[in-house]
Amino acid sequence: MNNYLEELNEAQRDAVVNTEGPSLVIAGAGSGKTRVLTYRIAHLLKNGVPPSSILALTFTNKAAREMKERIAKIVGSQTARYLWMGTFHSIFARILRSEAEIIGYPSSFTIYDTQDTKSLLKTIIKSMKLDDKTYKPGLVYNRISAAKNNLITPTAYLQNTQIREADQASRMPRLAEVYKEYARRCKNASAMDFDDLLLQTNLLFKNHEEILAKYQQRFKYILVDEYQDTNFSQYLIVKKLALGHENICVVGDDAQSIYSFRGAKIENILNFRKDYPEFNTYKLEQNYRSTQTIVDAANSLIEKNKRQLPKRVFSENAEGEKIQVIGALTDNEEGYLVANEIIDTRMNHQHRFADFAILYRTNAQSRIFEEALRKRNIPYKIYGGLSFYQRKEIKDLLAYYRLAINVKDDEAFKRVINYPARGIGNTTMGRLETYAVQNNQSIWEIASNPDECQTAGLNAGTQRKVAEFIHMIEGFASQLTSMEAYELALQIASESGMLKEFYKDKTPENLSRYENVQELLNAIQDFSLNAKEEGRPNQLNNFMEEVALLTDQDTDKEEDFDKVTLMTVHSSKGLEFKNVFIVGLEENLFPSGFSGTLTGAELEEERRLFYVALTRAEENAWLSFAKQRYRWGNLEFCNPSRFIGEIDEQFLNLKSGGLQAHLPRRESVPPAKEEATTRRSPMGIRSQQGNEHLGKRLTRMNEANRQNAAAFAGSDPEEIQAGMFVEHQRFGRGKVIAIEGTMPDRKAKVFFPNAGEKHLLLKFAKLKIVE
DNA sequence: GCTGATGGCGTTTTT
DNA sequence: CGCCATCAGC
């Protein structure tokens, strides 16, 4: 064991060696948070604390794995193995499986992923004869998820007037019933969704004191990473468990709370002192990652946060280069500029491609940069998007495994009953499911019983086909305990007929599907061999327990060696690159899901300047203006369409804070063009004229909208057509038509061409320049 | 059931 | 635009 304490600065060392009692470690970005966590655990182990009494919770598998590896390096893998270290979900799934009986679940319960959940919700919504355009499965899921994460059970939901009112307001008055039905069906299917893993753990601890006591006893030391990202459900579990010994150490940074949209409660970290009055605070304030300039820039934004834990992040690194702001007239140009910059910087500084990252807000924005990089032969890798385990063929095969392990798993049943095709269509499935729901049973329980099939109304031929399928699955199920994972997995893949499907015709898609399935089988083989070596059980259900909570952010392939990284700003949290481009900032100009009412003045207030050049003349004025060289603040806009300058205070002090896009203000608009000063246009504007990229739908809707717009504004349709449709962002929604002549306090129609006839009524206007 | 036309709509993400 | 859901029509 090396002398790890010497590798720490004073603050870090304090946080590592003071292991007793409640500790709050506030860890600024790049301040060595992971190092402190791992060393703290190593320190505990070194001082004779048994690994099995340490519980360390993270948010991602990746974080857990990395930490475990680092600890293993210090204390040896034999010791590290017995740590209770993993994601909230995996740890509590493990506990739930071993306590399943007492809460009425089999220990082999299925974990429904997002897709399963949504598809089940959709079925429920349909069967309740509700409109799935009002009750959108995704939206319903969010509501139910939020309820669960606040520990609101269906019964409590029904009685909660506040929630009921909110449901009324969003025109989903029957949401409570949907929730209840959803919970019922999950139970019948012996399934839990992700939120259930936490909710059920809470219920388990609440209703069974002796079990809570057992785990309180067991976990003498509890550590939580990214505490600012915990939701209420997670918070409460931790709080209950910590009551035992109060040796709880939470690590986080209120300034890095970026997941409130998925239920993270920053209050959990802000209120730590209330829960544990006797706590110690450790502040990690020295940033080892970034230059002073960058730390200063970040601080100038963070200081605008209203509630925060006082800290002063500083860097002793060199001041470093200025932050550059580069503007582009179009998205294509933006891609081109970034690609060029990468090539230049790489040459001039001998950087590797892997030293570059391109960050954007949404995954959909990657395309333009992919194209630009490909054109310049720059290798890149993309994070996000469809993960391996979400591919259809993988989900299909996994569904067979799931069904074999838990035959009540209705979502798996529905997935594979007719894949490959067995002549069991929607009608049959509909009958089985309806009957099952009526009888409070899983589909399997009906389908596997000939009498029930008869009653459900299946004809003899269909009954035979269903029976064959049941027989096949029973065959798989019967071998679960006798065969090891890989053998059985392979057998199921082949006997289910799935492998044959890919041979039907040799399309590239089929080849790729086949390869993916092979990759899954290889993974199972690896799992099986490793498990055997380490003396753990190596059956298919053991593999499936792990896989349900796995995503493939983890799989770093060898071939990903020297490549530019493309990912969302969110997923870059905690990573380091020498060169970072934050692109597509103008996307923020348009609030998505935009449908409220705003006055022109409010828009001005919001600094969301999504206005359009209305007429042909005005548009031309803008375009010629954009090609000129001009200055705004410290930013110099260069010919033809780019500006490079230093980031300045004005930029950073933007009221809305964060990564809001910022646009030239009035002084940048040439005074010569008086017309143009009354309206602004963001960079990245693309007009309909001469723009062959406009979508087909826009073309289709064009005429109708033009007429509508003209009628509303009382203008000549020809005139309006000229600059009417301007694409402000890459989402179709962003195509805005503003109506000439409307003043800030007047209502105006804003047309979203894609929304077809139902245009939105907004108070919206020509933006008045207020200085 | 499969296919192509049509329409709708588009955050951030982990488990 | 690009993906997905739906539906008419075979």
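Chain letters run A, B, ... following the sequence lines, proteins first and then strands; every chain starts at 1. Note that the coordinates shown come from a computational prediction; the quantities given were computed from them, not determined experimentally.
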How close or far is atom C1' of C:dA5 from atom CG of A:Asp131, stated in whole angstroms? 14 Å
Could you check whether A:Lys122 gets within reach of a base, just the sugar-phosphate, or nothing at all, counting any heavy atom under 4.0 Å? sugar-phosphate
Is A:Lys136 close enough and on-axis enough to A:Tyr141, meaning under 6.0 Å and within 45°, for cation-pi? no
Nearest whole angstrom, please: distance from the P of C:dC3 to the NZ of A:Lys392. 18 Å
How many Å lie between CD on A:Gln115 and C1' on C:dC4, as a whole number? 13 Å
Rounded to whole angstroms, how far apart are NZ on A:Lys265 and P on B:dT14? 20 Å
Value in whole Å for how far the C1' atom of B:dT15 lies from NE2 of A:His570: 16 Å
Nearest-angstrom distance from the residue atom CG of A:Leu575 to P of B:dT13: 13 Å
Assess A:Arg143 against A:Tyr179: is NZ or CZ under 6.0 Å from the centre of the six-membered ring, and within 45 degrees of the ring's axis? no
Measure CD1/A:Ile382 against P/B:dT13 and give the value in whole Å, please. 13 Å
Please report the distance, rounded to the nearest Å, between CG in A:Asn149 and C1' in B:dT13. 13 Å
Has A:Asn61 got a side-chain N or O lying under 4.0 Å from the OP1 or OP2 atom of B:dT14? no
May I ask you to check whether A:Tyr235 and A:Phe88 place their ring centers less than 6.0 Å from one another? no
What distance separates A:Ile524 CD1 from A:Leu397 CG, expressed to the nearest 0.5 Å? 6.5 Å
Ignoring hydrogens and angles, does a donor from either the side chain of A:Ser571 or the base of B:dT12 sit under 3.5 Å from an acceptor on the other? no
Let me know, please, whether A:Ala421 or A:Thr60 comes out on the 5' side of the other along DNA chain B by nearest nucleotide. A:Ala421
